[in-house]
Protein chains: 2
Amino acid sequence: MAGRTTERREQALSRERIVAAAITLLDADGEDGLTFRALSARLATGPGAIYWHVANKNELLVAATEAVLAGATGRPDAADPAQAVRAVALAVFDAVDEHPWAGAQLSRAPAQPAMRRILERLGQQTLALGVPAADRFTSASALLNYIIGSSRQNAANARTQPPGGDRTAILAAEAAAWRTLDPDEYPFLHEIADQLPRHDDRAQFLAGVDLILAGIARLPG
Amino acid sequence: MAGRTTERREQALSRERIVAAAITLLDADGEDGLTFRALSARLATGPGAIYWHVANKNELLVAATEAVLAGATGRPDAADPAQAVRAVALAVFDAVDEHPWAGAQLSRAPAQPAMRRILERLGQQTLALGVPAADRFTSASALLNYIIGSSRQNAANARTQPPGGDRTAILAAEAAAWRTLDPDEYPFLHEIADQLPRHDDRAQFLAGVDLILAGIARLPG
DNA sequence: GCACGGCTTGGAACGTCGTTCCAAGCCGGC
DNA sequence: GCCGGCTTGGAACGACGTTCCAAGCCGTGC
C-alpha cells in the first residue's frame, strides 16, 4: 500500500451511476441496505467521492424513487378515462410492490416530482370524466391518497414476510390471531377471517379504486 | 461523585412511565427526538435500565402509537352508520395530525392492534350500511387504506413546515412551482394551483371519505 | 437481626451509521 | 511544463441502537 492510485476510473463516477447503484442496494436489502459505506464498496471509491455528486442520503432516496416511478406515469393511452385511472393506479401499485422502499419515500416527503405527475394524470382524467370544476381537486386528491396509501401499505405487508412464498402462512397466522379476539367486540374480524388468507391484494386494491370512481360518477347528480 | 446512588427512585421505572416519556419526546422533536439517550436523561437513568422494561426501540414506537390512537377508536355512538364512519375517520385524522410520528409508525408495521380496531369499527358500519357480505371486506379495507394513507400524507406535509403558522406560505410556494411547469404537460396542476393555498385539508379528507361512502352505497344496485 | 439471591439499575463500551474534512492526484489551459 | 481547479477517497467525528456487567436494593428464610 504505497502511493494512492487515483488514476481515472474506467467509468467515471456520476450521479446516474450512483443512483443506479443505490437502487440495486435498496432492492437487494431494503431500506437499511442503502449505506454510504456499502455504496462506496460497490462503486470502488470512498464516501467523500459520493458526497461530491450527491448532497446527502435523502437526496439520493428522492432521486432513486423518482427513477423507479418514472415509468409508472407514462401516457394514459386509454380511451375510457376510468380505465386510464385504473391503469395509473396499477402502474403505481406494481412499481411500489416491486420497490417497497420507494413507497415509504413517497409518503415521507411531499411535493416530489413523481407525486406531481401522478396527481396531474389523475386530474386530467377527472376532467375527461366530466367532474365539475369545483370537485376536481378533491376527487383527484382522494384518488392520489388512496393509491399511494394502499400501495405503501401493501408493500409494508409484503416486506414483513421473508422472500420465500409463505405469504399465505403469514396471513393465516393473522387470521388465527383475529379468531382469538373477543367475538362480541370484534364480530367483523371474525366474519372476514376466512377471506383474509385467500384474498388478492391487487384485486382488492383495484376494487377500492372502483369504489372511488363510482363515488365520483355520482357527483354531478 | 463517590459511590453509586441507586436508592429506589421515588417513582419507580415502569413500562408506562417510559412510554409516556417517549410520547413527550416524539411530540416535541419528531421521530428523531426519540433516543435512548434522551429518554435516559429525561427519566434520570441509563439506557440499560430502559432495556430492562422494553425490548427495543421498535417496541417502544408500537406502544407509543397504540397509546396515542387508543382514544381514536372509541365507541361509534352515532345512529347513522355513515356518520359513524366519518367520526372514526376524523378521529384518526386528528390523532395523526397531532402526533405525526404515529402515522408513520402505523403504515410501517402491519397487524398492529390499533389497525385491527379501526378496521373492525369500519367493518361494523359496512354491515349497518347494508353492504352485501361479499363486499364488506373490500369496502372496509378501502376505507381503512384511504384513512390511514391520507392522514399520514397530511401529517407528512404538516411536518415539512416549521411550527410557525406559515402553512399558507409553503402551499403558495408549491402552487408557484406548479405554475412554472409546462402548461401543455400539466394543465390540471395549473387549473388547481389557485385552490391549493386556501384549501382545507380536513374538509378535503372528509370529502374523500364521502366519495368512498357514495361508491359503497351504489354497490348492491 | 442477618446473610443470601434475585430483581433492578445505570454507566461503559461496541459496532455502525451519516457526514465532514482534507491531503493527494489528475488534467485542461496558458 | 507548470499551474489551479476539478475529483477522489481515506480518516476522523459525533450520535445512534444495543449489549454487557458490576453494583445496589430489598424480600425471603433462618
Side-chain angles (χ1 to χ4, degrees), chain A residues 1-26 28-65 101 104-105 108-109, chain B residues 1-65 101 104-105 108-109 159:
Chain A
M1 295 296 166
R4 193 90 101 43
T5 69
T6 322
E7 76 238 15
R8 275 291 182 269
R9 15 181 62 268
E10 50 192 291
Q11 198 169 9
L13 222 49
S14 71
R15 198 169 201 273
E16 295 80 44
R17 289 214 330 133
I18 293 173
V19 171
I23 293 177
T24 304
L25 288 177
L26 286 164
D29 298 322
E31 263 177 288
D32 295 340
L34 178 58
T35 289
F36 274 85
R37 282 167 177 79
L39 208 50
S40 302
R42 168 168 279 269
L43 294 169
T45 179
I50 297 178
Y51 272 92
W52 175 258
H53 298 274
V54 168
N56 51 42
K57 186 175 180 175
N58 189 59
E59 185 184 306
L60 197 49
L61 270 172
V62 170
T65 303
W101 49 269
Q105 177 57 27
R108 182 148 40 226
Chain B
M1 296 288 173
R4 193 86 104 39
T5 68
T6 321
E7 78 237 13
R8 275 292 183 269
R9 13 181 62 264
E10 55 191 286
Q11 198 168 8
L13 220 48
S14 71
R15 197 169 202 274
E16 295 80 46
R17 288 217 327 134
I18 293 174
V19 170
I23 292 178
T24 305
L25 288 177
L26 286 164
D27 283 344
D29 298 322
E31 264 178 285
D32 296 341
L34 179 58
T35 288
F36 274 85
R37 283 166 177 81
L39 208 50
S40 301
R42 169 167 277 268
L43 294 169
T45 180
I50 298 178
Y51 272 91
W52 175 258
H53 298 274
V54 168
N56 51 42
K57 187 174 180 177
N58 189 60
E59 184 183 306
L60 197 49
L61 269 172
V62 169
T65 303
W101 48 270
Q105 178 58 27
R108 182 147 39 225
R159 192 152 32 88

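What's counted below: heavy atoms across the whole structure, side chains too, no hydrogens, waters or symmetry copies. Chain letters run A, B, ... following the sequence lines, proteins first, then strands; residues in each count from 1.
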Would you mind telling me which residue lines up with the more 5' stretch of DNA chain D, B:A49 or A:S14, judged by nearest nucleotide?
A:S14

Rounded at 0.5 Å granularity, tell me how far CZ in B:R15 sits from CG in B:L60.
8.0 Å

Strictly below 4.0 Å: does B:T35 bring a side-chain N or O up to OP1 or OP2 of D:dC16?
yes

Taking every heavy atom of B:Q105 against every heavy atom of B:V62, the minimum-distance pair comes out as NE2-CG2, 3.4 Å

In whole angstroms, the gap separating P of C:dT19 from NZ of A:K57 amounts to 8 Å

State, to 0.1 Å, how close A:F36 and A:I50 come at their nearest heavy-atom pair, and which atoms those are.
CE2-CG2, 3.6 Å

May I ask you to say what B:L60 touches in the nucleic acid, namely base, sugar-phosphate or nothing, with a heavy-atom cut-off under 4.0 Å?
nothing

With respect to the side chain of A:R37, which nucleotide from C:dC14, C:dT9, C:dG18 is positioned closest?
C:dG18

Select base, sugar-phosphate, or nothing to describe what A:L39 touches, counting heavy atoms under 4.0 Å on all strands.
nothing

Would you mind telling me which of C:dA12, D:dG17, C:dT19 lies closest to the side-chain atoms of A:P47?
C:dT19

Report the distance from atom CG of A:L43 to atom C1' of D:dT8, rounded to the nearest whole Å.
13 Å

Might you point out which heavy atoms bring A:V54 and A:E59 nearest each other, and give the distance in Å?
CA-OE2, 4.0 Å

Counting just side-chain N and O atoms, does B:W52 come under 4.0 Å of either OP1 or OP2 of C:dT8?
yes

Would you kindly give the NE2-to-C1' distance between B:H53 and C:dT8, to the nearest whole Å?
7 Å

The side chain of B:T45 is closest to which nucleotide in this list: D:dT8, D:dT18, C:dG10?
C:dG10

